[in-house]
Amino acid sequence: MKENLVWKKEEKIIKKRFTRKVNIKIIGMSDVHGRVLPWNYAADEEDNSGSYAQISTYVKKLRKNNKNVLLMEVGDAIQDNWIEYFANDKRHPIPQILNYMKCDIFVPGNHEFNFGMPILTNILKDMKAKKLLANLFYNDKNKNNFNLSKDKKRYLDATTIIEEDGVKIGIIGLSTPMSQKFEEDTGFLKDFHFVPAISETKEQIKDLKKRGANAIVVVAHMGIDNENSIAETGVRDLANAVPEIDVILAGHMHQNVSKNIINGVLITEPHRYGTVVSEIDLKFNINGKKVELLDKDSKTVSVAKEEADKVVEKIYKPYHDRLRKIADEKIGVVLNDMVPQGKIYGVSISFLKDTGMSSFITDVEKYYSKAEVVSFSYDYENLKLNKGEIKRKDIVYNYRYTGGDVTVFEMTGAQLKKYMEWSADYFDTIKKGDKNYRYNEERANLKYVTFDIFGGVKYKIDLRNPKGQKIINLTLENGKKITPEMKIKVGMNFYRFEQLIKKDGIFEEEDIKMLWSSKDEIGSESGTIQNMMIDYIKKVKNGVIDGKSHDNWEIIGL
């Protein structure tokens with residue numbers, strides 16, 4: 001009996017000697033969209049809300065105080081904030097920045113495909129990070145001219161294992177299959193196809209477990225919920241189907257998700273524009289060869305108060321200087337202030353009524369497309385362009401959607417009215433006691449603004465009326481009444497049209513004929529609204545616009 005007690009005591013000492021705790025920290029970045037430095041190139045002004053430079057400072061601090069830190073990028077790095085100007089550079093800035101930051105994992109987002117596979121390959125090959133993408137395959141293995149994987153069926157490797165302090169982290173990369181749809185007009189992904197994320201992830205987990213992975217982390221350029229109601233485009237479906245996943249580092253939908261546990265799977269998403277990082281903590285117990293995940297947690301952390309890393313500033317300085325020079329290019333002159341400032345009933349004036357800016361944009365759309373009615377949407381409400389010089393940065397600041405185009409469709413008056421009512425429902429009907437207008441909560445929380453402004457028509461949006469009945473006094477700009485059966489040429493962003501014809505969209509299964517496309521007829525670059533605005537000022541208006549509003553629409557009710 002005494003011998004047994006002595007043995008048990010010694011056994012505990014031996015176990016304690018060979019048992020240890022290991023903490024691994026994963027830092028996730030996503031949807032930084034060209035915010036390398038804390039600078040907004042469209043406005044040509046400092047913006048300290050987020051950037052790689054600030055994230056770099058934060059990560060350096062973490063590495064000083066933590067033994068095991070992994071840095072992962074979930075995509076949409078090479079588009080927006082004018083970084084697309086460097087797409088064709090032999091040495092793109094993003095690999096230089098991420099290499100300096102010692103990024104471990106890179107998963108392409110949908111915007112990485114915007115420039116074509118040769119350009120993307122040129123950028124990725126300079127990255128020291130492991131590039132992963134499990135759900136993208138070649139249609140024909142003989143066409144893989146841009147292959148960065150040993151597996152000739154794939155563009156990039158599906159998985160990797162990173163070993164830290166005796167713990168093997170199995171990592172799977174996924175990207176939204178919606179990229180295939182987004183790139184339909186470019187043909188950039190015509191040689192590829194996306195496979196279902198759930199079945200592919202299950203297969204990869206089996207392989208990773210065989211290779212000794214102690215924990216499974218999915219790095220996915222996908223939001224939590226399905227996109228456009230399409231199954232397996234969100235990681236909620238994945239978590240519910242594959243509980244063997246320990247952590248999902250998500251992206252794409254520009255949501256700040258500190259911590260969400262679905263079916264036992266920990267999910268986090270680091271918002272957008274480098275404003276926050278996702279910080280994941282994994283705690284392991286190691287006993288001999290046995291490794292056990294004891295705990296997992298996550299949070300999102302703002303980097304807005306961090307100083308910019310001086311080395312990142314130095315690397316990006318030549319690019320920064322080039323962009324500021326482009327931003328400052330004079331386009332023309334405007335004779336009046338184009339956007340009244342301030343809010344009325346809680347809403348910016350630019351969202352409440354026709355302004356010089358909205359009239360100008362719709363004039364541009366009508367001029368090039370020859371459509372009778374056109375539409376567009378702002379990216380946000382803080383618009384401004386005062387009397388005086390117009391510079392390139394002013395155009396981009398006020399119309400942010402780089403890929404925005406005009407595609408003309410033949411619609412009936414009834415279809416146009418249905419579209420306008422859908423747009424007006426961005427605002428809720430006024431309730432008794434309301435002192436301000438109210439945005440529809442679901443619409444306001446979407447990734448992009450879905451309040452479309454229309455040109456070529458006169459109308460009012462009466463927020464006293466119920467859903468579907470807010471558009472009143474609708475006529476063409478010349479005063480002609482719009483009847484349900486009349487045919488109208490309507491110009492709009494193709495992205496918006498796709499949104500409206502999808503499952504459960506207002507035009508689902510309706511037959512609407514496409515007549516013209518600015519990108520097809522004018523060019524993929526020249527046919528963007530941004531570039532048509534510049535061309536219109538320079539060549540059509542000889543550098544001078546009056547900037548006055550047509551006063552064709554307004555919101556009423558309070």
*Are Phe454 and Tyr419 an aromatic pair by the rule of ring centers under 6.0 Å?*
yes

*asked:* If we count only N and O atoms by modelled type, under 3.5 Å, do the side chains of Asn240 and Asn263 hold a donor and an acceptor together?
replied: no

*Do the rings of Tyr495 and Phe182 sit parallel, tilted or perpendicular, given the 30° and 60° boundaries?*
tilted

*Are Thr528 and Asn531 linked by a side-chain donor-acceptor pair shorter than 3.5 Å?*
yes

*Parallel, tilted or perpendicular for Phe409 and Phe497, by the 30°/60° rule?*
parallel

*Keeping the roles fixed (side chain from Asp246, backbone from Val217), state whether a donor-acceptor pair exists under 3.5 Å.*
no

_As a quick check of understanding, evaluate side chain to side chain donor-acceptor pair (under 3.5 Å) for Glu84 and His111, giving each step before the final call._
CA-CA 10 Å; Glu84 52 269 22; His111 283 292; over 6 Å; no

_Within the 3.5 Å criterion, strictly below it, is a donor on Tyr52 or Glu73 matched to an acceptor on the partner's side chain?_
yes

*Salt bridge between Lys131 and Asp157, side-chain N to carboxylate O under 4.0 Å?*
no

*asked:* Whether Arg400 engages the ring of Tyr397 as a cation-pi pair (distance to the six-membered ring centre under 6.0 angstrom, angle to the ring normal within 45°) should be assessed.
replied: yes

*asked:* To the nearest 0.5 Å, what is the distance between CZ on Phe351 and NZ on Lys343?
replied: 10.5 Å

_Looking only at side-chain N and O atoms, does Gln255 offer a donor or acceptor that is under 3.5 Å from a partner on His271?_
no

_Distance-only polar pair, side chains of Tyr399 and Asp379, donor-acceptor under 3.5 Å_ = no

*When you check the gap from the basic side-chain N to the acidic O, do Lys206 and Glu203 get nearer than 4.0 Å?*
yes

_Residues, nucleotides or ligands: over 12 heavy atoms within 6.0 Å of Lys125 NZ_ = yes

*Distance from Phe106 atom CZ to Leu133 atom CG, nearest 0.5 Å?*
10.5 Å

*Kindly confirm or rule out a cation-pi arrangement of Arg496 over Trp422, judged by NZ or CZ under 6.0 Å from the six-membered ring centre and within 45° of its axis?*
no

*Please tell me if the side chains of Met492 and Val374 come closer than 4.5 Å, counting only heavy atoms from C-beta onward.*
no

*What orientation do Tyr319 and Tyr316 show, parallel under 30°, tilted 30 to 60°, or perpendicular over 60°?*
parallel

*Could you walk me through whether Asp191 and Asn139 pass the side chain to side chain donor-acceptor pair (under 3.5 Å) test, one step at a time?*
CA-CA 5 Å; Asp191 292 331; Asn139 297 333; 5.2 Å; no

*Neighbour count above 12 (heavy atom, 6.0 Å) for Lys128 NZ*: no

_Before you tell me yes or no, could you show the steps for Asn114 and Glu183 under side chain to side chain donor-acceptor pair (under 3.5 Å), namely the whole-Å CA-CA distance, both residues' side-chain angles and the distance that decides it to 0.1 Å?_
CA-CA 7 Å; Asn114 288 172; Glu183 296 300 333; 2.7 Å; yes

*Test salt bridge (charged side-chain N to carboxylate O under 4.0 Å, His left out) applied to Lys25 and Asp165, Asp281, Asp297, the passing residue*: Asp281

_Rounded to the nearest 0.5 Å, what separates atom CG in Leu208 from atom OG1 in Thr160?_
8.5 Å

*Side-chain donor or acceptor of Asn66 paired with backbone N/O of Val69 under 3.5 Å*: no

*Specify whether His92 and Phe86 have parallel, tilted or perpendicular ring planes, treating 30° as the upper limit for parallel and 60° as the lower limit for perpendicular.*
perpendicular

*Check: Asn110 side chain, Met178 main-chain N or O, donor-acceptor pair, under 3.5 Å*: no

